[in-house]
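These notes are about the structure you will find just below.
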Amino acid sequence: MSRRRDFLAANTGRRAPMPGFVLLVRDRRDGDPAMRVGFTVTKKIGNAVVRNRMKRRLRSLARELLPSNGVGGADHVLIGRNGGIERDYAALRTELVKALKKVAR
């Protein structure tokens, strides 16, 4: 996802806050079974190097887990949180699995 209106629309969907990130999931209801994903990390998290590192970690998690655990036909947005950069990758992975189960209900 790259357009601002898609991110704003995803904000109206289901929300799963975790210590390292917030997951937003919104069903598009357009009949397309493809999953779309977007990432955002604000300047409050740190400088450009820190934000880009956080986005790389979120992209890696999404690439690994969304094909099997994601919601088909939905937009997924991962918002990086301040504690996410210090968290272990395995902890972030566990949190994303938990968040995806929570929003799939």
Side-chain angles (χ1 to χ4, degrees):
M1 292 177 15
S2 60
R3 286 186 275 173
R4 177 172 164 75
R5 67 181 167 130
D6 293 334
F7 283 88
L8 293 175
N11 200 28
T12 64
R14 296 189 54 113
R15 180 181 217 69
M18 294 288 150
F21 58 87
V22 176
L23 174 68
L24 306 174
V25 177
R26 178 182 162 268
D27 188 10
R28 288 191 312 272
R29 301 178 200 272
D30 62 358
D32 185 7
M35 286 182 266
R36 296 192 311 177
V37 64
F39 307 95
T40 183
V41 181
T42 66
K43 287 186 178 182
K44 287 190 276 186
I45 303 304
N47 63 16
V49 174
V50 172
R51 292 192 313 266
N52 286 331
R53 185 183 315 148
M54 186 68 196
K55 283 191 271 188
R56 281 194 304 272
R57 294 180 94 192
L58 293 175
R59 275 191 214 109
S60 177
L61 285 167
R63 194 175 308 117
E64 182 181 349
L65 296 174
L66 282 183
S68 58
N69 298 331
V71 179
D75 290 341
H76 299 72
V77 176
L78 287 162
I79 303 170
R81 278 187 151 175
N82 213 0
I85 199 67
E86 293 92 20
R87 294 185 73 73
D88 184 42
Y89 184 82
L92 286 174
R93 186 180 190 285
T94 304
E95 290 172 4
L96 183 56
V97 169
K98 183 178 172 182
L100 288 168
K101 287 179 183 175
K102 180 179 176 181
V103 297
R105 288 187 237 157

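All of these numbers come straight from a predicted model, not from anything done at the bench.
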(Q) Determine whether R93 and L61 satisfy the following criterion, side chain to side chain contact (heavy atoms under 4.5 Å, CB included), listing intermediate values before the conclusion. (A) CA-CA 6 Å; R93 186 180 190 285; L61 285 167; 3.7 Å; yes
> Passes side chain to side chain contact (heavy atoms under 4.5 Å, CB included), R53 versus R56? Steps please.
Replying inline: CA-CA 5 Å; R53 185 183 315 148; R56 281 194 304 272; 3.7 Å; yes
- prompt: Can N11 and L8 be said to form a side chain to side chain contact (heavy atoms under 4.5 Å, CB included), step by step?
  reply: CA-CA 5 Å; N11 200 28; L8 293 175; 5.6 Å; no
query: Going through the checks in order, is the side chain to side chain contact (heavy atoms under 4.5 Å, CB included) test met by L58 and M54?
result: CA-CA 6 Å; L58 293 175; M54 186 68 196; 4.0 Å; yes
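Nearest heavy atoms, A62 versus V37: CB-CG2, 4.3 Å. Scanning all heavy atoms of the two residues, the minimum distance from K102 to A16 falls at CD-CB, 4.0 Å. Of all the heavy atoms in V41 and R51, the pair that sits closest is O-CD, 3.5 Å.
A donor-acceptor contact shorter than 3.5 Å is absent between the side chain of R81 and the backbone of P17. Looking at R57, its side chain does come within 3.5 Å of a backbone N or O of G84 through a donor-acceptor pair. When atom types are taken as modelled, the side chain of T94 and the backbone of A90 share a donor-acceptor pair closer than 3.5 angstrom.
Looking only at side-chain heavy atoms (C-beta outward), L66 and L100 come within less than 4.5 Å of each other. The closest side-chain heavy-atom distance from K101 to N69 is not below 4.5 Å. Residues R59 and L78 form no side-chain contact, since every pair of their non-hydrogen atoms from C-beta on lies 4.5 Å or further apart. By the 4.5 Å heavy-atom criterion applied to side chains, N82 and K44 are not counted as neighbours.
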Would you tabulate the side-chain donor-acceptor contacts of residues 19-27 under 3.5 Å, counting partners in other chains and residues two or more places apart, or write 'none'?
{"residue": "R26", "atom": "NE", "partner": "A9", "partner atom": "O", "Å": "3.4"}
{"residue": "D27", "atom": "OD1", "partner": "R29", "partner atom": "N", "Å": "3.4"}

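Hydrophobic clustering (side-chain heavy atoms under 4.5 Å, transitive across Ile, Leu, Val, Met, Phe, Trp, Tyr) keeps V97 apart from I79. In the hydrophobic clustering of this structure, V71 groups with L65; members are Ile, Leu, Val, Met, Phe, Trp, Tyr whose side-chain heavy atoms approach within less than 4.5 Å, directly or through other members. V103 and M1 fall into different hydrophobic clusters, where Ile, Leu, Val, Met, Phe, Trp and Tyr side chains are chained together by heavy-atom contacts under 4.5 Å. In terms of hydrophobic clustering, with Ile, Leu, Val, Met, Phe, Trp and Tyr side chains grouped at heavy-atom distances under 4.5 Å, I85 and F39 are assigned to a common cluster. Under the 4.5 Å side-chain heavy-atom criterion for Ile, Leu, Val, Met, Phe, Trp and Tyr, L92 and I45 are members of the same hydrophobic cluster.
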